[in-house]
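None of these values were measured; they are calculated from a predicted model. Computation of the quantities below employed the complete heavy-atom set of this structure, encompassing side-chain atoms and omitting hydrogens, waters and symmetry-equivalent molecules.
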Amino acid sequence: QVQLVESGGGLVQAGASLRLSCAASGLSFSTKAMGWFRQGPGKEREFVAAVSPRGLITNLKDSVKGRFTISRDNAKNTVFLQMDSLNPEDSAVYYCGAGRDGLLSKNKNDFSYWGQGTQVTVSS
């Protein structure tokens, strides 16, 4: 049974930082691209960041480049999203997704498994 468990969300002020973690189990973690998506109220789930299976290649949404960093630790089956200089537009539920073997994608339809999400709220 595949499980993705996110943690690290919270309520912060604009300009602050948060580090999200996603612990995976029940899958071949080191062969899969991993991604972070977010969904605000009344909005569709949108791509934020993705990392290749070995962590050598990353993709980031344009609006978070220079502020967010995605990384992974394959020894611990965990993917991280470091978020700096947060602003209110970053407020959303953040979801971790497990992609297909070797495919680095920004399309949520290419991600087979999802966590339950963690809330990030940034106040102005």
Side-chain angles (χ1 to χ4, degrees):
Q1 180 181 357
V2 176
Q3 283 193 314
L4 302 176
V5 180
E6 301 100 333
S7 61
L11 171 62
V12 296
Q13 291 189 328
S17 298
L18 283 174
R19 189 189 196 207
L20 305 184
S21 299
C22 172
S25 60
L27 75 169
S28 181
F29 183 80
S30 63
T31 66
K32 298 194 182 299
M34 296 296 295
W36 288 96
F37 288 70
R38 66 188 182 189
Q39 188 166 12
K43 298 182 179 180
E44 290 199 4
R45 190 170 299 189
E46 66 173 3
F47 170 79
V48 176
V51 60
S52 62
R54 293 175 61 192
L56 299 179
I57 303 172
T58 62
N59 281 336
L60 292 165
K61 179 180 174 63
D62 285 346
S63 64
V64 307
K65 287 179 180 177
R67 300 189 299 122
F68 290 12
T69 304
I70 186 170
S71 62
R72 64 191 295 161
D73 184 341
N74 285 351
K76 296 182 178 180
N77 285 7
T78 303
V79 60
F80 305 97
L81 185 66
Q82 177 67 42
M83 305 187 295
D84 299 321
S85 301
L86 285 161
N87 60 60
E89 290 70 37
D90 295 317
S91 296
V93 178
Y94 282 70
Y95 296 92
C96 169
R100 300 180 185 178
D101 285 358
L103 174 65
L104 189 60
S105 173
K106 299 180 180 181
N107 188 334
K108 61 180 181 290
N109 295 322
D110 290 326
F111 289 78
S112 304
Y113 302 101
W114 296 96
Q116 81 289 348
T118 185
Q119 178 71 50
V120 172
T121 304
V122 185
S123 63
S124 58

(message) Ignoring hydrogens, what is the shortest heavy-atom contact between S17 and D84? Give both atom names and the distance.
(response) OG-OD1, 2.8 Å

(request) Could you tell me whether F111 and Y95 have their ring centroids closer than 6.0 angstrom? (result) no

(request) Measure the CG-CE distance between L104 and M34 for me, rounded to the nearest 0.5 Å. (result) 12.0 Å

(message) Keeping S91 on the side-chain end and V122 on the backbone end, is there a donor-acceptor pair under 3.5 Å?
(response) yes

(request) Measure from the side-chain N and O atoms of E6 to the backbone N and O of Q116, and report whether any donor-acceptor pair falls under 3.5 Å. (result) yes

(request) Quick one: closest heavy-atom pair of V120 and G9, and the distance? (result) CG2-CA, 4.1 Å

(request) For the residue pair W36 and M83, establish whether any side-chain heavy-atom pair is separated by less than 4.5 Å. (result) no

(request) For residues 88-97, pull every pair meeting salt bridge (charged side-chain N to carboxylate O under 4.0 Å, His left out), keeping only residues two or more places apart or in separate chains. (result) R38-D90, R67-D90

(message) According to salt bridge (charged side-chain N to carboxylate O under 4.0 Å, His left out), does anything in residues 106-119 pair up with another residue at least two apart or in another chain? List the pairs.
(response) E44-K108, R100-D110

(request) Could you pull out the closest heavy-atom pair between A98 and L27, with the gap in Å? (result) CB-CD1, 3.7 Å

(message) Minimum heavy-atom separation for A33 and P53, please, with both atom names.
(response) N-CG, 3.7 Å

(request) Could you state whether F37 and V5 fall into the same hydrophobic cluster, counting links through intermediate Ile, Leu, Val, Met, Phe, Trp or Tyr residues with side-chain heavy atoms under 4.5 angstrom apart? (result) no

(request) Find the distance between CG (D62) and CZ (F47) and round it off to the nearest 0.5 Å. (result) 9.5 Å

(message) By the disulfide (SG to SG under 2.5 Å) test, which pairs, at least two apart or in different chains, include something from residues 83-124?
(response) C22-C96

(request) May I have all residue pairs that pass side chain to side chain donor-acceptor pair (under 3.5 Å) and include part of residues 48-58, sequence neighbours excluded? (result) none

(message) Membership question, hydrophobic clusters at under 4.5 Å side-chain separation (ILVMFWY): are L81 and L18 in the same one?
(response) yes

(message) Just verifying a value: how many Å separate L56 CG and R72 CZ, rounded to the nearest 0.5 Å?
(response) 10.0 Å

(request) Flag yes if L60 and Y94 sit in one hydrophobic cluster, no otherwise; membership is Ile, Leu, Val, Met, Phe, Trp, Tyr, and two members link when side-chain heavy atoms are under 4.5 Å apart. (result) yes

(message) Please check if the number of heavy atoms outside K76 that lie under 6.0 Å from its NZ is greater than 12.
(response) no

(request) Over all heavy atoms of both residues, which pair between S105 and A50 is shortest? Give the atoms and the distance, please. (result) O-CB, 3.8 Å

(request) Using modelled atom types only, decide if a donor and an acceptor are shared between the side chain of N74 and the backbone of F29 within a distance under 3.5 Å. (result) no

(request) Treating Ile, Leu, Val, Met, Phe, Trp and Tyr as nodes and any side-chain heavy-atom pair under 4.5 angstrom as an edge, say whether V12 and L20 lie in one connected cluster. (result) yes

(request) Name all pairs fulfilling the ring-ring contact (aromatic ring centres under 6.0 Å, His included) condition that reach into residues 56-93, sequence neighbours left out, sorted by first residue then second. (result) none

(message) Counting only heavy atoms from other residues, nucleotides and ligands, does the tally under 6.0 Å from CG of L11 exceed 12?
(response) yes

(message) For A92 versus G40, what's the shortest heavy-atom pair and its separation?
(response) CB-N, 3.9 Å

(request) With sequence neighbours excluded, give me every disulfide (SG to SG under 2.5 Å) pair touching residues 23-89. (result) none

(message) Return the CD to CD1 distance between Q82 and I70, rounded to the nearest 0.5 Å.
(response) 12.0 Å

